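A short write-up of the structure that comes next.
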Amino acid sequence: MNIAAGASVGALQAALPLAPLENRILLCHALGLTRVGLITQSERLLTEAEAHVLARLVARRLAGEPIAYIVGKREFFGLDFCVSDAVLIPRPDTELLVELALEKLAPGARVLDLGTGSGAIAVALAHTRPDADVSALDVSAAALDVARANAAAHGAKVRFLRSDWYGAVQGERFDLIVSNPPYIAAGDVHLLQGDLRFEPVGALTDHADGLTALRAIVGGAGAHLVPGSWLLLEHGYDQAAQVRDLLRAAGYVDVQSWRDLGGIERVSGARLPA
Ligand code: GLN
């Protein structure tokens with residue numbers, strides 16, 4: 001399909017060389033239209049400038065760049081999150097972690113999100129539960145800039161700290177700790193496929209067996225949780241048993257895993273003994 005001035009929105013929607021959802025997203029982005037606008041303005045003809053912009057966006061997508069980075073945003077937990085290549089693209093799987101965290105949150109609870117990236121988890125929690133006292137850490141200053149912008153955009157009150165795991169919260173205890181850390185093992189073929197090729201490698205893999213960050217988080221959580229409170233961890237599709245073993249070995253109780261919408265054990269967690 002030649003993306004040229006004079007082509008109609010409706011014709012382009014049918015003819016762009018991408019999946020229908022991706023066509024729609026890029027057309028909306030290029031033309032500044034909503035999804036409804038795309039339907040009501042299907043007769044509209046592209047200007048020279050619009051055709052140029054759209055052709056560039058489609059070329060980037062065809063080169064493999066994730067849609068979320070091209071348009072600079074991704075929806076998560078019903079909220080639009082700004083994303084750049086400094087942060088992992090929020091995944092629907094991670095909404096399970098947010099839902100579980102919300103179930104566990106007592107009024108006014110102190111929550112810590114380790115490796116917050118775009119801030120998706122922390123901002124979703126603080127937005128849904130303005131009473132919660134949410135702190136979020138990341139080792140990447142560039143990621144924290146994105147996370148702060150997301151918190152501001154949603155009016156979510158989150159304390160952001162630059163920190164390598166628990167470094168910046170020495171002496172503090174929380175009523176809930178959550179994390180979606182880098183958990184893909186070095187050499188996993190998924191790192192060479194799809195969106196992951198463009199995402200920050202340090203947010204995806206520990207460059208080892210995939211459990212380094214999970215071990216560090218479990219190992220340090222005891223000193224930062226109020227006795228009796230929960231640690232909830234997202235992990236890889238084949239790591240649930242290993243994460244439960246880590247939690248048991250560290251003396252946690254109520255050790256369990258929860259399945260994501262795909263039926264995969266995606267989050268494991270446990271409570272520090274009271
Ligand atoms: N869930 C991501 C994926 O497998 C990985 C995220 C992570 O390592 N925390 O695509």
Side-chain angles (χ1 to χ4, degrees), residues 19 21-22 61 64-70 73-77 81-101 112-125 136-140 142-144 146-147 150 163-166 177-221 231-244 246-247 257-269:
L21 175 64
E22 300 191 345
R61 181 61 191 137
E65 195 174 336
I67 282 274
Y69 289 160
I70 296 173
K73 63 182 183 185
R74 170 58 46 92
E75 188 184 311
F76 177 81
F77 216 73
F81 282 86
C82 294
V83 293
S84 75
D85 62 7
V87 299
L88 210 64
I89 299 163
R91 307 285 203 274
D93 306 333
T94 306
E95 293 182 353
L96 172 64
L97 182 60
V98 174
E99 282 161 10
L100 291 165
L112 177 63
D113 174 24
L114 295 162
T116 196
S118 67
I121 297 168
V123 171
L125 291 174
L137 315 176
D138 208 286
V139 74
S140 159
L144 287 172
V146 175
N150 282 319
S163 179
D164 196 359
W165 304 132
Y166 300 98
I177 296 179
V178 297
S179 184
N180 173 20
Y183 53 66
I184 300 177
D188 187 312
V189 291
H190 294 101
L191 293 169
L192 305 175
Q193 296 170 0
D195 288 359
L196 279 69
R197 295 168 297 166
F198 293 81
E199 294 183 288
V201 70
L204 290 168
T205 178
D206 60 354
H207 305 283
D209 67 352
L211 293 168
T212 313
L214 289 159
R215 277 188 208 101
I217 292 167
V218 172
L231 170 61
L232 296 171
L233 300 167
E234 179 173 325
H235 50 67
Y237 68 96
D238 56 355
Q239 292 171 327
Q242 288 163 296
V243 173
R244 288 194 301 267
L246 287 176
L247 289 164
S257 301
W258 293 268
R259 293 180 192 275
D260 63 20
L261 290 173
I264 292 165
E265 288 184 321
R266 177 60 65 187
V267 174
S268 293

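Since this is a predicted model, take the numbers as computed values, not measurements. Order of appearance sets the numbers: ligands from 1, and atoms from 1 within every ligand. Any value given below was found using the heavy atoms of this structure, including those in side chains, with hydrogens, waters and symmetry copies removed.
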Checklist entry - Listed by chain and number, what are the ring pair (Phe, Tyr, Trp, His ring centres under 6.0 Å) partners of Tyr166, not counting sequence neighbours? => result His224
Item to check | Partners meeting side chain to side chain donor-acceptor pair (under 3.5 Å) with Arg74 (sequence neighbours left out) | outcome: none
Next on the checklist: To the nearest 0.5 Å, what is the distance between NE2 on His190 and OG1 on Thr205?
Outcome noted: 13.0 Å
Contacts table for residues 177-187: side-chain donor-acceptor under 3.5 angstrom, sequence neighbours left out:
from, atom 1, to, atom 2, distance (Å)
Ser179, OG, Leu114, O, 2.8
Tyr183, OH, Glu234, OE2, 2.7
Tyr183, OH, Arg266, NH1, 3.3

Please tabulate, one line per pair, the protein N or O atoms found under 3.5 Å from any N or O atom of ligand 1, giving the distance to one decimal.
from, atom 1, to, atom 2, distance (Å)
ligand 1, 1 (N), Tyr183, OH, 2.8
ligand 1, 8 (O), Tyr183, N, 3.3
ligand 1, 8 (O), Leu204, O, 3.2
ligand 1, 9 (N), Asn180, OD1, 2.8
ligand 1, 9 (N), Pro181, O, 2.6
ligand 1, 10 (O), Arg91, NE, 3.4
ligand 1, 10 (O), Arg91, NH2, 2.9

Next on the checklist: Using modelled atom types and a 3.5 Å cut-off, is there a donor and acceptor pairing between side-chain atoms of Asn150 and backbone atoms of Ser118?
Outcome noted: yes
Checklist outcome for this item: Result for side-chain contact (heavy atoms from CB on, under 4.5 Å) between Ile217 and one of Val243, Thr212, Leu233, Leu246 points to Leu233
